[in-house]
Q: 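Have a look at this one before I ask anything.
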Protein chains: 2
Amino acid sequence: MATATHQPKSDKREAILDAALELFVERGFYGTAVPEIADKAGVGAGTIYRYFDSKEALVNAIYRQQKMMFAQVTLGDFPATAPTREQFRTFWMRMAQFATAHPKAFVFMELHHHQRYLDADNVALEQRMLDMFSTVVVQAQTKGDLKQGPPRILMGIVMGAFVGVIRSCAEVDQTLETADWKLAEQMLWEAIRA
Amino acid sequence: MATATHQPKSDKREAILDAALELFVERGFYGTAVPEIADKAGVGAGTIYRYFDSKEALVNAIYRQQKMMFAQVTLGDFPATAPTREQFRTFWMRMAQFATAHPKAFVFMELHHHQRYLDADNVALEQRMLDMFSTVVVQAQTKGDLKQGPPRILMGIVMGAFVGVIRSCAEVDQTLETADWKLAEQMLWEAIRA
DNA sequence: TGTAACGGAATGAACATTCATTCCCCTAAC
DNA sequence: GTTAGGGGAATGAATGTTCATTCCGTTACA
């Protein structure tokens, strides 16, 4: 009826983003043909170009969407004054929640991290997030809650381990239980605590 | 002279492997054109096909070469009877040594891990290595040296963290000092110890 | 009926691979 | 010592294919 049934902004745009995300994760950017994306999304190849200027613009749109969603879930309303131990638990479990809700998103972000086709905005976005994390780490180190050492390394270990956990299970098509996430969280905390 | 002066087995084959490794790391498999590889290797495009049946065969040859070298460096003459703590240190530092000597190799193996174009031999090779590590982890858990939990998760954390450390530094073009590796080793040990 | 969104065949560029040709080096005849 | 010949390695232009993107006839909605 009338104006109501119009749309959730655009059926097709979402379908294209979803299909492309999945294919990019499976086959990579260059390994995925635009008509394949169109097929999976259930639209014509030309339709993709009504919503995105190019294949490159499409991958950048996905990257930005996922990164922002990730930032929102993990950092939104962050308990800035809580003890470091609790902050870490919160952060880790929010990442776990995000990874469960959007299983492909993490792999996508890992895979496309620092690729030639990411535009300047996305590179800057990435940098801003790194800086934010870095600040938090340094503060916690100053308080004596985390081990000393280059923040880069602490962050690399935590994020790397998180991705490692996801991958180790994706490889065998197993889902991670909350208990697994809690175990991993405890392990990583013991790694970084002072 | 006679047979002696023949060659270093083949100049060109090595040049092709090296060039391809570097380009695949930078741009991925599908993002790299065969003539580009030829250019970088300083050979004609056709020459590549004298040494490898196809682009796919080339990437598989690199994968196997790197994986075997990695296995050799990390597992060769492994101190099977040493205490777990020492085994872990040995393993970690050997990985660090490998990553330092072959900076691209790690990134390559990560990137190409479980891609469609890996042949059956390479998939099997990967599986065999995983099983080996898994056995070692289970043994150490039985001895009460490592935390209980799915071996998959322990391995995922260790390998993921290792890659995370490498990447966190590659991103800023910084090299890792021995001190950094030791710090990371200590952190990871605290993560997995019982 | 007019308009905007859509589909998918058409297009031109870029690619992996091939193959006719060149190049290089070794041997042997003189 | 020189040169002619042969054979395998190397080459890169040519080939057929695949791809991102465009274009235009069709559709659906107002």
Side-chain angles (χ1 to χ4, degrees), chain A residues 1-63 111-112 115-119, chain B residues 1-63 111-112 115-119:
Chain A
M1 337 244 168
T3 62
T5 49
H6 250 335
Q7 300 101 326
K9 203 53 171 294
S10 174
D11 248 3
K12 311 231 161 171
R13 192 184 148 91
E14 283 310 311
I16 292 165
L17 286 168
D18 288 353
L21 172 64
E22 191 158 333
L23 287 169
F24 287 157
V25 166
E26 261 173 41
R27 316 168 177 215
F29 178 69
Y30 294 111
T32 304
V34 173
E36 283 178 317
I37 300 172
D39 269 7
K40 183 173 261 258
V43 305
T47 304
I48 288 180
Y49 290 85
R50 298 198 62 73
Y51 292 96
F52 304 96
D53 285 346
S54 63
K55 190 186 178 185
E56 209 166 291
L58 170 59
V59 79
N60 273 286
I62 297 176
Y63 190 87
L111 231 49
H112 292 80
Q115 289 288 347
R116 284 195 309 328
Y117 44 73
L118 282 194
D119 63 27
Chain B
M1 316 279 158
T3 61
T5 50
H6 255 334
Q7 310 97 322
K9 204 50 171 296
S10 175
D11 248 2
K12 312 232 159 169
R13 191 185 149 90
E14 284 309 311
I16 292 164
L17 287 167
D18 289 352
L21 172 63
E22 192 158 332
L23 288 170
F24 287 157
V25 166
E26 261 172 42
R27 317 169 178 215
F29 177 68
Y30 294 111
T32 304
V34 173
E36 283 178 317
I37 300 172
D39 269 7
K40 183 174 260 259
V43 306
T47 304
I48 288 180
Y49 291 86
R50 298 196 58 74
Y51 292 96
F52 304 96
D53 285 347
S54 63
K55 189 185 180 187
E56 210 168 291
L58 170 58
V59 79
N60 274 284
I62 298 177
Y63 190 87
L111 231 50
H112 292 81
Q115 290 287 347
R116 279 194 314 328
Y117 45 75
L118 282 195
D119 63 25

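Note that these values count all heavy atoms, side chains included, but never hydrogens, waters or copies made by symmetry. Throughout, a chain's letter reflects where its sequence line sits, starting with A, and its residues are numbered from 1. The structure presented is a predicted model; accordingly, all values stated were derived computationally and were not measured.
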Q: Using atom names, set out every protein N or O paired with an N or O of nucleotides 13-17 of chain D below 3.5 Å, distance rounded to 0.1 Å.
A:
none

Q: So, taking the atom named CD1 in B:Ile16 and the one named CG in B:Leu21, what distance separates them when rounded to the nearest 0.5 Å?
A: 13.5 Å
Q: Take atom CZ of A:Phe29 and atom C1' of D:dC19, then tell me their distance rounded to the nearest Å.
A: 12 Å
Q: With rounding to the nearest 0.5 angstrom, report the OG1 to CD distance, A:Thr32 to A:Glu22.
A: 10.5 Å
Q: Looking only at side-chain atoms of A:Ser54, point me to the closest of D:dT21, C:dC6, D:dA10.
A: D:dT21
Q: Taking only residues two or more places apart in sequence, or in another chain, which ones meet B:Arg13 in a salt bridge (charged side-chain N to carboxylate O under 4.0 Å, His left out)?
A: none
Q: Kindly give the heavy-atom pair with the smallest separation between A:Phe52 and A:Ala61, and that separation in Å.
A: CE2-CB, 3.8 Å
Q: Restricting to side chain to side chain contact (heavy atoms under 4.5 Å, CB included), what partner residues turn up for B:Ala45, sequence neighbours left out?
A: B:Ala38
Q: Let me know the distance between CZ of A:Arg13 and P of C:dA5, rounded to the nearest Å.
A: 14 Å
Q: Please identify each residue that fulfils side chain to side chain contact (heavy atoms under 4.5 Å, CB included) with A:Ala19, with sequence neighbours left out.
A: A:Ile37, A:Lys40, A:Ala41
Q: Any side-chain N or O of B:Lys55 under 4.0 Å from OP1/OP2 of C:dC15?
A: no
Q: For DNA chain C, find the residues of residues 33-42 of chain B with a heavy-atom distance under 4.0 Å and give them by number; none if there aren't any.
A: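 Within this stretch, B:Ala33, B:Val34, B:Pro35 sit under 4.0 Å of the strand.
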Q: Starting from C1' on D:dT21, measure out to CD1 on A:Ile48 and report it in whole angstrom.
A: 11 Å
Q: Check whether B:Gln115 reaches the backbone of B:His112 with its side chain - one donor and one acceptor, N or O, closer than 3.5 Å.
A: no
Q: Please list, by residue number, the residues of residues 15-23 of chain A whose heavy atoms come closer than 4.0 Å to an atom of DNA chain C; answer none if no residue qualifies.
A: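 Within this stretch, nothing sits under 4.0 Å of the strand.
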Q: To the nearest angstrom, how far is B:Leu58 atom CG from C:dC15 atom P?
A: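 Computing the B:Leu58:CG to C:dC15:P distance gives 16 Å.
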Q: Expressed as a whole number of angstroms, how long is the span from A:Asp11:CG to D:dC29:P?
A: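 So the CG-P distance, A:Asp11 to D:dC29, works out to 12 Å.
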Q: In whole angstrom, what separates A:Phe52's CZ from C:dC6's C1'?
A: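 Between C1' of C:dC6 and CZ of A:Phe52: 16 Å.
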Q: Identify, with sequence neighbours excluded, every residue that meets salt bridge (charged side-chain N to carboxylate O under 4.0 Å, His left out) alongside B:Asp119.
A: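 B:Arg64.
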Q: With rounding to the nearest 0.5 angstrom, report the CD1 to CG distance, A:Ile48 to A:Leu17.
A: 10.0 Å
Q: Select one nucleotide: of D:dT21, D:dA10, C:dT17, the one nearest the side-chain heavy atoms of B:Tyr49.
A: C:dT17
Q: Side chain to side chain donor-acceptor pair (under 3.5 Å): which pairs involve residues 43-56 of chain A, sequence neighbours left out?
A: A:Ser10-A:Tyr51
Q: In whole angstrom, give the distance that lies between atom CZ of A:Arg50 and atom C1' of D:dC24.
A: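 About 12 Å, once rounded to whole Å.
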Q: OP1 or OP2 of D:dA10 less than 4.0 angstrom from a side-chain nitrogen or oxygen of B:Tyr51, does that happen here?
A: yes
Q: Going by ring pair (Phe, Tyr, Trp, His ring centres under 6.0 Å), name the pairs with one or both residues in residues 20-39 of chain B, residues two or more places apart or in two chains.
A: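 Residue pairs with at least one partner in residues 20-39 of chain B: B:Phe24-B:Phe29, B:Phe29-B:Tyr117, B:Tyr30-B:Tyr117.
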Q: Please name all residues satisfying salt bridge (charged side-chain N to carboxylate O under 4.0 Å, His left out) with B:Glu26, sequence neighbours left out, ordered by chain then number.
A: none
Q: Remember a base hit wins even if backbone is also touched, and classify A:Tyr30 as base, sugar-phosphate or nothing at under 4.0 Å, heavy atoms.
A: nothing
